[in-house]
Asker: 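The structure under discussion is supplied below as structure tokens; questions concerning it will follow.
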Amino acid sequence: MAAEPQNVSEEDKSRSVRMAAYAVAGVAVFAIAFVALCSALGAFADSQQHSDSLQFSVVEHKDPFYVLLIGSDSRKGTALYTGKASDHAQLDQHADVITLVRVDPANYKLTLVTVPRDTVLPGESSKINDTLVHGDPLQTVDAVERLTGIEIDYYLMTTFTAFEDLVDALGGVTVDVPKTVKVPDPSTAENVTVTKGDNQTLDGSEALVFARARKEYVNDQDAVRQVNVRQLEQSIICNVLGMSSESEIDQALIDLRNNTTSNMDMGKLGYMAMDFAMHESDVVLYSCTGPYSGGANDSGLWVVNADAEAWGQLMDVVSSGGDPSGIVAEPAMP
């Protein structure tokens, strides 16, 4: 069995339940995609949830806030799961996709920032993706807060199988594939090929393979993967923004609720998701990566030492609602 989550402080508990302070409107698919984006909300009245529908609430406040999207590499529920502690990522899990999303519901603005999974914070020896080893997403939230210097109100986490189900439920994703890749689908252990080309429509299995492919690239392997992951996220956003009815968004939020772990109240996401969809032409979407330059440590492990100055410059722009693209140069795509 996986280790039990460490005790959470009263401050962390308070933050994790601060649902009355804001309500996020987004449909985030992880790893991706996460219909995160429509994500956002301010404080509003409690909303009753039902198994087959969600009651939308009216937004009262629209202050910007942050959501952390986490993609777990847990093998549980997949064909790769053996339960043997000697096998990689069997009993423990890691945050192999970490995307910080700033939601500005008043200006219909969404900003996606990749947090490189190989990042090592000052004074620590473990990578930031190891913060999920004990299964507590709040530990990952805490680490990203320390790295970026901002307060994160919500998290949304998904797994391999749940991500596939969510992408399929949302009708797939359309992305530009820079290079043909073949990677085993954890759900079946069978190879899945995603073919190079623009405007490729991927189902859940193909989207997961696209999100995981890394070793197929020669340079900046994980940084290239991060670009692909944000493509998936942006595609889901566009998918949700294209929804024209309350019933469609209602179903998307139910699919999100059923395939993620989160401290967001899905019943409070509906109104804002509808608002974003109704103002699709006003939505501004920014996307960038955090500092990703790295190298081998004394143990030969590839790491990215946290660059406080670079992160500070990046987050100053993000927090002000500006366009952060180009502050950290994107990797050269294959």
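Given the structure is predicted, the values throughout are model-derived calculations rather than measurements.
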Asker: Is any side-chain heavy atom of Trp302 closer than 4.5 Å to one of Asp222?
Answerer: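 Answer no - side chains too far apart.
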Asker: Any side-chain to backbone donor/acceptor pair from Asn258 onto Ile254? Under 3.5 Å, distance only.
Answerer: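 Yes, the answer is positive, given that a donor and an acceptor are paired below the 3.5 Å cut-off.
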Asker: Any donor-acceptor pair under 3.5 Å linking the side chain of Arg117 with the backbone of Ile98?
Answerer: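 Flag not set: sc Arg117 to bb Ile98 has no pair under 3.5 Å.
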Asker: Any sub-3.5 Å donor-acceptor pair from Ser320's side-chain atoms to Val317's backbone N or O?
Answerer: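 Confirmed, Ser320 side chain pairs with Val317 backbone.
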Asker: Check whether any side-chain heavy atom of Ile152 sits under 4.5 Å from a side-chain heavy atom of Leu100, and report yes or no.
Answerer: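 Side chain of Ile152 against side chain of Leu100, heavy atoms only: contact under 4.5 Å found.
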Asker: Report yes or no: is the cationic atom of Arg212 (NZ for Lys, CZ for Arg) closer than 6.0 Å to the six-membered ring centre of Phe160, at no more than 45° off its axis?
Answerer: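 Judged by the rule (NZ or CZ under 6.0 Å from the ring centre, within 45° of its axis), Arg212 counts as positioned above Phe160.
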Asker: Determine whether a donor-acceptor pair (N or O, by modelled atom type, separation under 3.5 Å) exists between the side chain of Thr193 and the backbone of Thr180.
Answerer: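 No; zero donor-acceptor contacts below 3.5 Å.
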Asker: May I ask you to decide if Val224's main-chain N or O and Asp220's side chain share a donor-acceptor pair within less than 3.5 Å?
Answerer: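 Checked: no pair found.
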Asker: Within a strict 4.5 Å, meaning less than it, do heavy atoms of the Val115 and Trp311 side chains meet?
Answerer: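 In short, these two side chains touch, coming nearer than 4.5 Å.
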Asker: Taking atom CG as the centre, does Asp298 end up with more than 12 heavy-atom neighbours from other residues, nucleotides or ligands that are less than 6.0 angstrom away?
Answerer: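 No, not enclosed.
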Asker: Have Thr99 and Arg230 got a donor and an acceptor in their side chains that come within less than 3.5 Å?
Answerer: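 Per modelled atom types, Thr99 and Arg230 side chains form no pair under 3.5 Å.
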Asker: Is the backbone of Glu190 close enough, under 3.5 Å, to the side chain of Thr188 for a donor and an acceptor to pair up by distance?
Answerer: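 Yes.
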Asker: Please tell me whether Thr140 and Thr131 have a donor and an acceptor in their side chains that are separated by less than 3.5 angstrom.
Answerer: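 Yes, side-chain donor-acceptor contact under 3.5 Å.
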Asker: Side chains of Asp323 and Ser325: do they bring a donor and an acceptor to under 3.5 Å?
Answerer: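 Present: a donor and an acceptor within the cut-off.
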Asker: Strictly distance-based, threshold 3.5 Å: is any side-chain N or O of Asn263 a donor or acceptor partner for the main-chain N or O of Tyr155?
Answerer: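 A pair under 3.5 Å: yes.
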Asker: Quick check: is Leu69 connected to Val227 through a chain of hydrophobic side chains (ILVMFWY, heavy atoms under 4.5 Å apart)?
Answerer: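 They do share one cluster, since a chain of ILVMFWY contacts under 4.5 Å joins Val227 to Leu69.
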Asker: Within the side chain of Glu124, is there an N or O that forms a donor-acceptor pair under 3.5 Å with the backbone of Val120?
Answerer: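 No, because the side chain of Glu124 does not come within donor-acceptor range (under 3.5 Å) of the backbone of Val120.
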Asker: Tell me whether the count of non-hydrogen atoms from other residues, nucleotides or ligands lying under 6.0 Å of CE in Met278 goes above 12.
Answerer: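 Count not over threshold, so no.
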Asker: Give the ring-plane orientation class for His279 versus Tyr108, where under 30° counts as parallel, over 60° as perpendicular and anything between as tilted.
Answerer: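 Aromatic pair His279/Tyr108 classed parallel.
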Asker: Flag the pair Asp96 and Arg225 as a salt bridge only when some basic side-chain nitrogen lies within less than 4.0 angstrom of an acidic carboxylate oxygen.
Answerer: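 Judged by the 4.0 Å cut-off on N to carboxylate O distance, Asp96 and Arg225 do not form a salt bridge.
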Asker: Does a side-chain heavy-atom distance below 4.5 Å link Val101 with Glu233?
Answerer: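 Side chain of Val101 against side chain of Glu233, heavy atoms only: no contact under 4.5 Å found.
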Asker: Kindly say whether Asn199 contributes a backbone atom to a donor-acceptor pair with the side chain of Asp176 at under 3.5 angstrom?
Answerer: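 Yes; at least one donor-acceptor contact below 3.5 Å.
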